[in-house]
Amino acid sequence: GHTSLNAYRANLRKLMQYLRGERVALARTIEREMKRAAKAKEYEQAAALRNQLFAMQELGQKTLFGDRENLDASRDQALVELADLLSLPKPPCRIEGFDISHMGGTDNVASMVVFTNGVPDKAAYRKFKMRLSGNDDFAHMEEVAHRRFREENRKKWGLPDFVLIDGGKGQLSAALAAQAAAGVHIPTIGLAKKEEEIIISKDGSLPGQSPGTIAVNAKKAGAYVTETEEFITVLLPQSHLVKLLQRIRDESHRFAVSYHSTLKRRRQTASVLDDIPGIGPHTRKKLLRQFRSLRGIIDADTGQLATVVGAKKAELLTKYLKTSRV
């Protein structure tokens with residue numbers, strides 16, 4: 001009586017699929033279901049599906065499918081582990097993750113991803129085109145944190161319960177400095193890529209918390225802990241918490257790289273089209289709006305181009321693009 005017959009049969013079919021060795025296909029199916037639930041803002045259902053993915057990786061120790069369909073932040077294992085580790089008053093509902101992306105100091109961008117009850121809330125994602133130039137991840141992290149926590153955006157988006165920075169001590173310090181300047185103090189940690197180390201600043205990361213208590217909590221969780229005068233570094237064994245932090249970090253990285261790639265393509269396209277006499281910014285925008293990309297413009301025939309920019313400019317485009325090695 002704890003689950004419906006339909007749900008029982010669906011779980012049984014998935015288990016049979018797993019035992020047949022179709023594990024990759026099963027994982028993709030569950031991930032699609034999780035994304036659909038998250039898109040529909042059914043966060044508790046999405047969290048349950050996410051936990052199924054985690055459980056598949058630890059099938060030898062844990063039950064693969066439970067009968068509890070409804071979860072909330074207070075019962076989600078990864079979020080509870082996070083609250084216990086950092087002595088937070090309650091499991092965080094809204095987590096924001098930040099990352100920086102650029103190529104040699106050009107097309108600098110930052111991403112903000114949002115996880116609600118431990119699952120992606122893509123409607124709340126935000127992207128930032130950096131105003132500072134150059135190759136300085138610390139300065140760019142401070143800029144994006146400053147822009148995110150300015151009063152206007154605090155009113156529009158609210159405040160997160162927790163912040164994850166993709167990076168180490170420098171990026172974390174920059175983000176905390178921006179928070180302090182904005183007059184906000186939100187639990188914030190960094191996740192360094194090299195060893196998946198959790199970085200905690202003793203001065204500002206966790207308002208009201210004792211660094212000594214955090215170190216004790218981490219050791220109780222089986223973590224390897226090192227300390228300096230300014231930072232605590234925590235290396236946790238694999239757990240639901242570690243997987244959740246990795247997922248948030250990886251998603252913020254993916255979103256930042258995606259936006260960076262978009263800006264890079266636009267810049268390259270603009271550069272190519274600007275070299276063609278008679279093709280100005282207005283014409284370029286019309287072409288990109290119609291054909292989506294430089295490749296789409298190149299693949300269009302003269303007649304298709306003429307419907308957008310007229311016969312004369314269409315001939316120019318054909319002459320320069322079709323005979324070039326773009």
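Along the sequence shown, residues carry numbers from 1.
- Separation of atoms CD1 (I297) and CZ (F291) is listed at 7.5 Å; rounding is to 0.5 Å.
- The environment of K155 atom NZ is sparse: at most 12 non-hydrogen atoms of other residues, nucleotides or ligands sit within 6.0 angstrom.
- Proximity of a side-chain donor or acceptor of K286 to a complementary backbone N or O of V308 within less than 3.5 Å is detected.
- Closest approach of N108 to G134, counting heavy atoms only: OD1-O, 3.4 Å.
- The neighbour count for Q17 CD, taken as heavy atoms of other residues, nucleotides or ligands under 6.0 Å away, is above 12.
- We find that R254 and E251 are joined by a salt bridge, their nearest charged nitrogen and carboxylate oxygen being less than 4.0 Å apart.
- Of the possible polar contacts, one joining the E81 side chain to the L241 backbone as a donor-acceptor pair under 3.5 Å is found.
- Here the shortest heavy-atom pairing between L206 and L86 reads CD1-CD2, 3.8 Å.
- Rounding to the nearest 0.5 angstrom, the gap separating the OG atom in S101 from the NE2 atom in H253 is 6.5 Å.
- At least one side-chain heavy atom of Q246 sits under 4.5 Å from a side-chain heavy atom of Q238.
- Without hydrogens or angle criteria, S173 side chain to G170 main chain gives no donor-acceptor distance under 3.5 Å.
- Taking each heavy atom of A223 and L236 in turn, the nearest pair found is CB-CD2, 3.5 Å.
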Checklist entry - Is there a side-chain contact (heavy atoms from CB on, under 4.5 Å) between D99 and R249 once you walk through the steps? => result CA-CA 8 Å; D99 189 23; R249 189 273 314 281; over 6 Å; no
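- In this structure a side-chain-to-backbone donor-acceptor pair under 3.5 Å is present from S205 to T188.
- No more than 12 heavy atoms of other residues, nucleotides or ligands shown are found within 6.0 angstrom of NZ on K35.
- When each of V114, L159, I248, L164 is paired with E96, the side chain to side chain contact (heavy atoms under 4.5 Å, CB included) condition holds for V114 and for no other.
- With rounding to the nearest 0.5 angstrom, the CD1 atom of I100 is 9.5 Å from the CZ atom of F128.
- Under a 3.5 Å cut-off, the side chain of E142 and the backbone N or O of A177 do not form any donor-acceptor pair.
- Applying the 6.0 Å contact sphere to CG of D84 captures more than 12 heavy atoms from other residues, nucleotides or ligands.
- A distance-only check finds a donor-acceptor pair linking the side chain of R50 to the backbone of G118 [under 3.5 Å].
- No continuous path of hydrophobic side-chain contacts links I189 to F98 [ILVMFWY only; heavy atoms under 4.5 Å].
- Using modelled atom types, one side-chain atom of Q171 and one backbone atom of G168 make a donor-acceptor pair closer than 3.5 Å.
- Closest approach of L305 and A300 over heavy atoms only: CD2-CB, 4.0 Å.
- Considering only heavy atoms from C-beta on, Q77 stays 4.5 Å or farther from F54 through its side chain.
- Atoms OG1 and CG, on T307 and D301 in that order, are 8.5 Å from each other to the nearest 0.5 Å.
- The hydrophobic clustering, which links ILVMFWY residues whose side-chain heavy atoms are closer than 4.5 Å, places Y125 and W157 apart.
- Scanning both residues, I165 and M141, for their nearest heavy atoms gives CG2-CE, 3.6 Å.
- Atoms NZ and CG, on K169 and L176 in that order, are 14.0 Å from each other to the nearest 0.5 Å.
- A heavy-atom distance below 4.5 Å is not found between the side chains of E44 and V119.
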Checklist entry - What do the steps show when you test V225 against I214 for side-chain contact (heavy atoms from CB on, under 4.5 Å), and what is the final call? => result CA-CA 10 Å; V225 180; I214 295 167; over 6 Å; no
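- With a 4.5 Å cut-off on side-chain heavy atoms, D161 and P187 do not count as touching.
- Residue R28 places its CZ atom among 12 or fewer non-hydrogen atoms of other residues, nucleotides or ligands, all under 6.0 Å distant.
- Ion pair E143/R147 flagged as a salt bridge, since at least one NZ, NE, NH1 or NH2 atom sits closer than 4.0 Å to an Asp/Glu carboxylate oxygen.
- Tracing side-chain contacts under 4.5 Å through hydrophobic residues (I, L, V, M, F, W, Y), one never reaches I232 starting from V216; they form parts of separate clusters.
- S252 contributes no side-chain N or O that, together with a main-chain N or O of V113, makes up a donor-acceptor pair within less than 3.5 Å.
- Minimum heavy-atom separation, P120 to Y43: O-CE2, 4.3 Å.
- Checked against K202 for a side chain to side chain donor-acceptor pair (under 3.5 Å), the options E230, Q209, E227 give a single hit: E227.
- A donor-acceptor distance shorter than 3.5 angstrom exists from the side chain of R154 to the backbone of F149, with no hydrogens or angles considered.
- One N or O on the side chain of H140 and one on the backbone of D136 form a donor-acceptor pair closer than 3.5 Å.
- Considering only heavy atoms from C-beta on, Q290 stays 4.5 Å or farther from Q304 through its side chain.
- Between L317 and L287, the closest side-chain pair of non-hydrogen atoms falls below 4.5 Å.
- Within the model, atoms CG of L85 and NZ of K220 stand 12.0 Å from one another, a figure rounded to the nearest 0.5 Å.
- At a cut-off of 3.5 Å, with distance as the only test, a side-chain donor of T318 or T302 sits close to an acceptor on the other residue.
- In this structure, M112 is a member of the same hydrophobic cluster as V184, with clusters built from ILVMFWY side-chain heavy atoms closer than 4.5 Å.
- Linking ILVMFWY residues whenever their side-chain heavy atoms come closer than 4.5 Å, directly or via other members, leaves F162 and L172 in distinct clusters.
- Between N117 and D76, the closest side-chain pair of non-hydrogen atoms is not below 4.5 Å.
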